[in-house]
Every structure is written in structure tokens, then in C-alpha cells.
Amino acid sequence: MSKLLNGLIARFDSPGAAMHAAEAVRDAGYTKWDVVTPFPIHGMDAAMGLKRSFVPRFTLLGGMTGFTIGMSMIWFMNAYDYPLVVGGKPLFSPMFAFPVSYELTILLAAFGTIFGMFFLNRLPMHYHPVLKYDQVHRGTDDAFFIVIEARDPKFSRDGARKLLESVGGTDINELED
Amino acid sequence: MDRVESHTAGAHGAAHHAGPAVLREVNPAILPRPTLVENDRSFNWITEKICGIIEEETPRWWWISFAVACFVASFTLVGLVYLVTTGTGVWGLANPVNWGWAIVNFVFWIGIGHAGTLISAILCLLRQKWRTSINRAAEAMTIFAVICAGIFPLFHTGRVWYAVWPGFLIPFPNSNYIWPNFRSPLEWDVFAVSTYGTVSVLFWYVGLIPDFATVRDRAKTRLRKIMYGIVAMGWRGSNRHWSNYEMAYLLLAGLSTPLVLSVHTIVSFDFAVSLIPGWHTTIFPPYFVAGAIFSGFGMVLTLMLPLRSIYRLEDLITQYHIDCMCKIILATGTMVGYAYAMEFFIAWYGANPYEGFAFINRAFGHYAWAYWIMISCNVITPQFFWFKSIRENTTLVWVLSIFVNVGMWFERFVITVTSLARDFLPSSWGYYSPTVVDIFTYFGTFGVFCFFFLLFIRFVPLMAMAEIKAVTPQADPHHGHSATHH
């Protein structure tokens, strides 16, 4: 059974080289491609032409949910379901409900942020073709890789290889699906 | 950055066309920044160094410390079993001091945790990059300190299982239709501390994912590959992932910052919302937060300085890092000292006889010994950090950091016990002393803390490798040819 081609991977040895190469790949019009780096590189998002992350929307959603749950839970418990008079104070006031609602806002916003990030990144994913490449362990250590995927509409085996070579990529290999 | 500067320079130049050309020249002053990783270490060196700690054979000192920690932790276990089987009376809580070491230890441990969140969240938002070498261990410290803190309020209820079921603390529907009273600061504590614990764990774990991936990729044995593989979640260093990850990390830092301030503020409400003289003051929230950060940094130094010398981490935890932490201790310690003075001043200026008596009694009454230990450790100790020669003497810094921890424990003791032991009616005055069970349970929590911390050292990368690599000079994509840009 012949293995399917997933894409081409090329190695770069410095963050600067990887970033210049990324700019070239972006300008060549590729869309299904990625850079593998051991740490986030300042400016790489612009070099890849990535938009601002969507994670904050999940945070906002989580935070609003938390605050609403907090306020309505406390009103339901102490003023509606079992009205509790303490020291002749009103059955419900946003003041005494605030600390708990505030903590719930932060708790659910944090959950929203983290699970939103996992969702957007499609994690956990243990079977990605990049992980099968025998040199990729250097991508979490000290090397930088650019992957151009075969499903990119502009992809051709020779064209992508030429592009990666022209921007200084070394050790260009084919990834198997 | 470059583009922004040249753009403003252009606009500025256009507005003052008539002026001499020299006015249009922009020559931004470059502030000299201390290097965060010394001796020009490479990316690979950082990986080898930090992964090496968890990949090497378990050192003998670790086994010895682990055995000692387990032994000490057993004191807490025995103490708690005895408490649950016998009753809360074994903790020496009686009228008028119904809250002794239980709340003292709770506030103490919660405070210890705060430096971890401060380092990881507030310093992250303030772009203080020196945080990267110490944030991982400090966050671990936070989590373990919160575990130790949680023991005390939970067990002071006696039958701890009632906290969860039938919902006297955590609101669950139960057969008596009783809900928790949300007007009580103790109930706020439940939410504040559990949220703090949860968010600290999440923050810590998110920071760990890329480093777990590094460990997974280097793993030699199948077991390590599988275990680290599971926790790394298939992280592969994709920049599309980093983009979301960095945004998430920044947001978590933004969420943790008000969280850490609110947690200790709410802890201080346990006192400040009451009417007891010496507690009923508005200075409590900021003063407790400053104290928490003060004691937390004390504990960070107490833990990190021995680790630095055992694992030869001087290139990563540099003198600059120690300086920064000492200066934070100096600043927060001075704030705490200011708060002590201000409490006295307001007690006099407020002209409330009970309040005035509470403070004079603190300083000169039966607990004066505790008060003066507190003053010497918390107000005098940090002042040594004004001197560079002292900040550079690692042994001395370590000793002083322990004094900070001792002092902050006494601060909570003084606040809690002196106010309760001498309240409004002389007929109900008393003198509180802890029981043996109190002492053993508290002593044991240091074992609990060390038990977790030693496991952390052994199995988790001690420092945030990815973040440290990102603050090295060679991580800057313009490194090496920055001259062309300026």
C-alpha cells in the first residue's frame, strides 16, 4: 500500500530565517501551511498572515455566563427558594451577591479561555502527520520547520520544494499521511 | 515597532518643516537591560539543562527529603484523623478565642501562594520578562500552598463531608432545603479559594503543555512517552497553535490578576466584615494583599535558592532575578509596615476606646511577644534589602526570606488571637494557647507541601523552557542584523 503524501517539511536554524521564509510562503499565496517552533516568535503571526486569535470571544462568553449564574443562583437560593432573613437585611441585594458572582465570572471565563483555546487548536490530537516525522523532536527543542500541506490548492511537489529551497530551507522531506 | 517609530518621526517632521533637520531625527535611547540568561546559552542547552533534571537518575538527596516529607506529612494525617474521630475541641478552640490556629494557618498558607500568581500573572501583564525562570516553580508552590490552606477551614467544621454533602458550603440541593448563606464572608471564601485553586491549576497546566511536549519528544522509555504524551495533548509547536495559546495565556494572566487580589481581599473580609475591635477596618484588604505577596516572595526565595544551587541553575536564575525578588519583598514589607503604623494611627484618631485598647493591648499586652516578633520580622527584616551587598549574599537572602515567613505567620496570629482574647467585655477575656494537635497538624502541612513539591521537581520541568528560550537574545527574529533597522 503506497503511503499518501501529506506535505513537505523544511528545516530552518534560526527564528529570523524561519520568519523570512514564512513571509515568502505567505506571499506565494499558500493557505494550508504551518510553522513549527519551540517557542512563540514575536512577529510570526504577521509573517504568516494570521488574523487575531478568536480566543477572547470564548473568554467573554464564559465570563458573562459565570456572572449571570452567580447572581441568579444567589437570588434563587437566598431570596426565592428559601427566603433567608439575616439581620433584617434585604432578601437580595447585588452587593452581598457580588463577591461570589465575581469569582464565578473569573472561573467560567478561565474555563472558556482554556477550552476555547483547545477547541480552536483541535487539541488533544495525537495523530497529526507532523508528529510522525522522525526529526520533528527538534521542533520542540531548537529547530524551526515550515510545513506546506498537500491539500493546499497551490501545492505541487516540485513547486513547493523549489520555494522552500529558495528561502533557505534545509533537509526538505516529504510527510506521510 | 520599527514601523511605528519611523511613521511618527515622519508625521512629526512634516509638522515642523521649517525647523532644523536635527529636530526630526529620532534617536530612541536604548535602556540597558540585564541579560536574563547568562553565558550566551543556546536553545539546546536550555532544553538539556531543564529536561536533564527530570531525566537523570533520582538523586539520593531527593529520596531522603521525600522520606522526611512523608514522615512530617503523617503528622497532619494523624492530627486530622484524631480531630474527625474526637471533635473540634481537640484544636484548643474555646471561648473567647473560637478561631485560633485554624484561621491563622489558613491565611498564612493562602498568602504563601500569592507570589506564584503574582509572578505568573501580574508580572506577565507588566511584561517583566524576568518572571520566566521562576514562574513555573512559583505556580507549583501556589497550588500546593492552596491545598495546605484548604485543610484548615475544611476541618474546622468537624464533619468535613458535610461541606460538600448535604451542601453546607458548596450549594447542593438537600433534603432540608437549606442553602448556604451568601451574606457570609466565609461562604465567599469557599468560592474565592476554590476558584483560585482551580484557575491556578489551569494556568499552570496551560504553561506546561509545550514543555511536556519537549519531554515527550525526548523520552526514551515507552512509559514516559505515553505519560508525557497524554499530558502534552499532541502539542507540536505549530504557530497557528501558538497564536491562540499566547492569546489564551495573556487572557488567563488578565483573569488571574484581579483574582489574586480578590482572593486575599475576601480572606480579609472574614475579619473586616465583623465588628470585633482590631478587625473592623477598611485597610484590611490592601494590607492583606501586600502581606500575602510579601510572604509569598519570601517562600519563593526560600525554595528557589536551594534549588538553584543544587541544580547549578545560576545561568537561568541570575543575580538579577534575586535582586528583583528582594526588591519586591522590600516594597511589600514596607507597605506592611506602613499598614501597622496606620492601624495604630486610625485607632487613636478614630477615638473608639475599644479599638484603641485593642492596639495598645497588641503591643504591650499578654501577646506582646508575638507582636514584637511580627514587627522585627516583617518591618525590620526587609529593610536589609536596601543594600546591594546583602542582596548579593545568597545565604543571607535565604535566611532573611525565612524570617519573612515566620513574621507573616505571627502577623496572622496577632490579628486573630489578640482581638478575640480581649474583646468588649473584660468578664469574657481569656488567654489562648494551641494544643499539641494544633501544633502537629500545622507542622505536618509543611510535610504535605514538601511532599508535593518534591514530586513536582522530579516529574515536571522545573522551569518554563519555551518561555526562557523566547527571552534569549537569539530568539528575536531580528537578532544579528538589528543595526539595519535603526
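All chains are named by letter (A, B, ...) in the order of the sequence lines, taking the proteins before the strands, and each is independently numbered beginning at 1.
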Name, in order of residue number, those residues of residues 116-141 of chain A that have a heavy atom at a distance of less than 4.5 Å from a heavy atom in chain B; otherwise write 'none'. A/M117, A/F118, A/L120, A/N121, A/L123, A/P124, A/M125, A/H126, A/H128, A/V130, A/L131, A/V136, A/H137, A/T140, A/D141

I need the contact set between residues 70-77 of chain A and chain B: heavy-atom distance under 4.5 Å, sorted by residue number. A/M73, A/I74, A/F76, A/M77

Atom group of A/T59 that falls short of 4.5 Å from chain B, counting heavy atoms: side chain

Under a 4.5 Å heavy-atom cut-off, does chain B meet the side chain of A/A97, its backbone, both or neither? neither

Is it possible for you to check whether A/R11 lies under 6.0 Å from the centre of the six-membered ring of A/F145, through NZ or CZ, and within 45° of that ring's axis? no

Do B/I266 and B/P185 touch side chain to side chain, with heavy atoms closer than 4.5 Å? no

Please state whether the side chain, the backbone, both or neither of [X] comes within less than 4.5 Å of a heavy atom of chain A.
X	value
B/T214	both
B/E246	side chain
B/F269	neither
B/L255	both
B/D211	neither

One thing to verify: whether A/D45 and A/K51 come together as a salt bridge, which I'm taking to mean a side-chain N less than 4.0 angstrom from a carboxylate O. no

Is B/E467 salt-bridged to B/R131, cutoff N-O under 4.0 Å? yes

Ignoring hydrogens and angles, tell me if any N or O in the side chain of B/S200 forms a donor-acceptor pair with the backbone of B/Y196 under 3.5 Å. yes

Could you tell me whether a side-chain N or O of A/W33 sits under 3.5 Å from a main-chain N or O of A/Y30, the two making a donor and an acceptor? yes

Heavy-atom pairs under 4.5 Å with chain B are the metric here; pick the option from A/V100, A/T113, A/V86 that has the most. A/V100

